[in-house]
There are 2 protein chains.
Amino acid sequence: MDAVTHHRNRSDRGRSALGPALQLVHTGRAPTRAVLTAELGVTRATAGAVAAELQALGLITVDSRPTGSSDGSQGRPSHRLGVEPDGPVVLAAQVHADGFRAALVGLGGTVVATAPGCGDVGADPGQVLREVVDAGAELLRRTGRRCVGAGLAVPSAVAEPEGTALNPLHVAWPPGAPVREVFSACLADAGVTGPAPGSVAVGYAANDVNLGALAEHRHGAGRGARHLLCVATGHRGVGGALVLGGRLHTGSSGLALEVGHLTVDPQGRPCHCGSRGCLDVETDPLAFLEAAGRDAGPEVSLLDQARDLLRTCYPGDFAVRAAAHRLIDRLGQGLASLVNILNPDRVILGGLHRELLRADEERLRAVVADRSLWGRSGEVPVLACTLDHNSLVGAAEMAWQPVLDDPLLLAEV
Amino acid sequence: MDAVTHHRNRSDRGRSALGPALQLVHTGRAPTRAVLTAELGVTRATAGAVAAELQALGLITVDSRPTGSSDGSQGRPSHRLGVEPDGPVVLAAQVHADGFRAALVGLGGTVVATAPGCGDVGADPGQVLREVVDAGAELLRRTGRRCVGAGLAVPSAVAEPEGTALNPLHVAWPPGAPVREVFSACLADAGVTGPAPGSVAVGYAANDVNLGALAEHRHGAGRGARHLLCVATGHRGVGGALVLGGRLHTGSSGLALEVGHLTVDPQGRPCHCGSRGCLDVETDPLAFLEAAGRDAGPEVSLLDQARDLLRTCYPGDFAVRAAAHRLIDRLGQGLASLVNILNPDRVILGGLHRELLRADEERLRAVVADRSLWGRSGEVPVLACTLDHNSLVGAAEMAWQPVLDDPLLLAEV
DNA sequence: TGGCTTTGTGCTCACGATAAACAAATGAAA
DNA sequence: TTTCATTTGTTTATCGTGAGCACAAAGCCA
């Protein structure tokens, strides 16, 4: 009853290099055991032991006989490392304006199976989350894979540590809905398992743009960035996210990067927040449609309408071109403000913002460079996101995180 | 020639708990050995060994017989830990609009000796830095203390890793001046020593507001904050800083928190950046003086003029009150934007902004709360900075950092 | 075939931290 | 005062992790 009180403060479990090693393989930064050795900064013996243990846990593959190995260099070829394709998976879920999506995602961001569900999302979070969790559980049953966690992406800021959706604008949920709690309850009801054998999964929930940023950082356009800023607009409003040192920066209560009310046009349109010219009302799909003089129809999502309009009519149609330029300028102003505040080494755009970037990269980059201190002293890389369902993959990343931090969780009694 | 290549990647030197322990004592979070044991999460034996080693290095004091110890609790009283008052010091330097300041600072943020120097700062960084370093070296000679590093605070963003002053607005330096290089050269010329015995100090240089934030976080109003945002205005323009997890967030190239061009008033005054209503031109001392209808005289600094005016005429004089309210509202808008982006758990204001906070706390807090998402769902603590020379102390913190990370540097051959 | 180069593996060893028993220093109760 | 409970410091034995080193293995290249 004496020393026992001490050694529980920090995670005493686990070889210390096990987690970092798994992350390196997971993100593809350790294709061979030799690279793993160098990246970890340990001896070959240690790296070998670590790789063997991860292999024994069923998380990675170690290919000792790389058939047709001819990477040019001489010397003994190194064992190739990879993610175990038949290893455990996590349940990734996403709720968006047009329904939900459930998927099983393995290490390396591999989407193993997907189950989309369409239709309106009602006012009761419990109902949708039950549907999406059940869909995920069905996937688990069908594939017979071991599940080691679950993550949920929602179109709202999620307050920490409460786990409540503060501003679920695109869905009819009540503000403050306890999404994480409800998600966890659904997981327990469906019998979804967590990292430790026989345990029940705890539900992780976070904002979809944040999770998209996390996914892009690990498997997409953000790989290798130390300070990654993501900005995206899906349906209404604008979301932002920041990844610092491989981790999401969610602020002290989960509400960081709520960038929608940055002023980007002093003479702009009035916003419900009381100000005018906010990023939210100046650069979202509705703003684009209205600036182009088009009416927003209810049949397809605003993002799809705006994207189609931009793709089909962009350089030619005068109104569309003017609208695009208007949004690009406003977006550039907002990005410049964010760059001045956060000084990221990379910026990634999603949703309609990605389309705007593709429409005129030069113009957007010029605005950002012109309006930011760093832009004037160097170049700020502004890129399009590359993953198809980055929010979903990000939800999976969040669910994988405990295992990535301590792979031995999988072997615990 | 094989394994030798490995074990230099990470700092293999040193008991791993030595640095964290010193930081705990340094920041006052470990007043006794028992608390140190708990904070480190190690056994009493380990904590004892660590404390003894730090004492042997001459960094801390371990008082085994606390005279008049009556902290109420029963049980054997714990040894009191403290910073060694006669231990090593660092050379802290600051350049500002009205001259420079040099000081010797010990652990715990204790200013041991100070040497101010007044007058205009010329266009040659080398000249001022030589003067300030010489003044610091003179202090070292007079006191006979061991010097283990040197840090410099400048009124400009400092680009990393170049160490150049990008926008030295308050001094006549050319933009891009290589301050760190020049500072290091002056230190070498003056024979200022570094952490390792016999070594020459390398110069660290950073923005003054950033360093002030670091100092407030460790020894001032920011103690215990996990995500600390500081905003301050000294002479012209506004500076910001963010401390995350005990470390300054300087962004990928040192230019984070350049908050001066946030739009805080769409109908505001034009700014040289091309926009209008920027935080820089709306909330700095000159803005206040002009809003109050006063002419800025050249005799004393703008900050002093504005502060005096606010302190003497605030609630009574109508023009002054209106001007203060105008600035408070603009500042609140800017803080709200930053709170939405960074979601800090504490905000600290310096310079004239501190005076504005003191003039009407309620008004400022109300604006921040009303305009920020987090403010509406909770309360954002907005506080005044408490340290007298926080930039100077912050420069010392920066210089101490290598030792705080690895105290054994002091004992190296 | 025999260098050369690079990587994997099997040992020993050093060292940091734990665990556990014991000693010391206080307050509270008898 | 004596005794006990409580809390902390100290000592010793022990263990686990990773380093260091020697050697084997597996490819290039001549």
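Naming convention: chains lettered A, B, ... in sequence-line order (proteins, then strands); numbering from 1 in each chain. Quantities reported herein were computed from a predicted structural model and do not represent experimental measurements.
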(request) Starting at atom CD of B:Glu53, determine the distance to atom P of D:dT10, rounded to an integer number of angstrom. (result) 15 Å

(request) Take atom CG of A:Leu81 and atom C1' of C:dT7, then tell me their distance rounded to the nearest Å. (result) 12 Å

(request) Taking the side chain as every heavy atom from C-beta outward, state whether B:Glu84 and B:Leu59 have any atom pair closer than 4.5 Å. (result) no

(request) Could you say whether B:Val35 or A:Gly75 is positioned toward the 5' end of DNA chain D, judged by the nucleotide with the nearest heavy atom to each? (result) B:Val35

(message) Looking at every heavy atom in both B:Pro195 and B:Leu410, which two are closest together, and how far apart are they?
(response) O-CD2, 3.4 Å

(message) On the nucleotide D:dG9, are OP1 or OP2 found under 4.0 Å from the side-chain N or O atoms that B:Ser64 carries?
(response) no

(request) Using atom CD of B:Glu39 as one end and atom P of D:dT8 as the other, report the distance to the nearest whole Å. (result) 13 Å

(message) Quick check on C:dT7: is either OP1 or OP2 less than 4.0 Å from any side-chain nitrogen or oxygen of A:Thr37?
(response) no

(message) Between the base of C:dT6 and the side chain of A:Arg76, is one N or O donor paired with an acceptor at under 3.5 angstrom?
(response) no

(request) Rounded off to whole Å, could you give me the CZ-to-P distance for the A:Arg44 and D:dT17 pair? (result) 21 Å

(message) Nearest to the A:Ser78 side chain among C:dG27, C:dT7, C:dA21, which nucleotide is it?
(response) C:dT7

(message) Can you measure B:Leu36 atom CG to D:dT10 atom P for me and round it to whole angstrom units?
(response) 13 Å

(message) Less than 4.5 Å apart, side chain to side chain, heavy atoms only: is that true for B:Arg80 and B:Thr32?
(response) yes

(request) Applying side-chain contact (heavy atoms from CB on, under 4.5 Å) between A:Leu107 and each of A:Val403, A:Val25, A:Leu22, report the one that passes. (result) A:Leu22

(request) Tell me whether the OP1 or OP2 atom of C:dT18 has a side-chain N or O from B:Thr46 closer than 4.0 Å. (result) yes

(request) Could you tell me the separation between the CD atom of A:Gln74 and the P atom of D:dA30, rounded to a whole number of Å? (result) 9 Å

(request) Report which part of the nucleic acid A:Ala34 touches: base, sugar-phosphate, or nothing (heavy-atom distance under 4.0 Å, all strands). (result) sugar-phosphate

(message) Please classify the nucleic acid contact of B:Ala45 as base, sugar-phosphate, or nothing, using heavy-atom distances under 4.0 Å.
(response) base

(request) Can you tell me the distance, in whole Å, between the CG atom of B:Leu18 and the C1' atom of C:dA17? (result) 14 Å

(message) Do B:His219 and B:Glu397 pair up side chain to side chain, a donor and an acceptor below 3.5 Å, judged on atom types alone?
(response) yes

(message) Taking only side-chain N and O atoms of A:Arg33, does any of them lie within less than 4.0 angstrom of OP1 or OP2 on C:dT9?
(response) yes

(request) Please check the phosphate of D:dA19 (OP1 and OP2 only) for any side-chain N or O of A:Thr43 closer than 4.0 Å. (result) yes

(request) To the nearest Å, give me how far apart CZ (A:Arg80) and P (C:dT7) are. (result) 13 Å

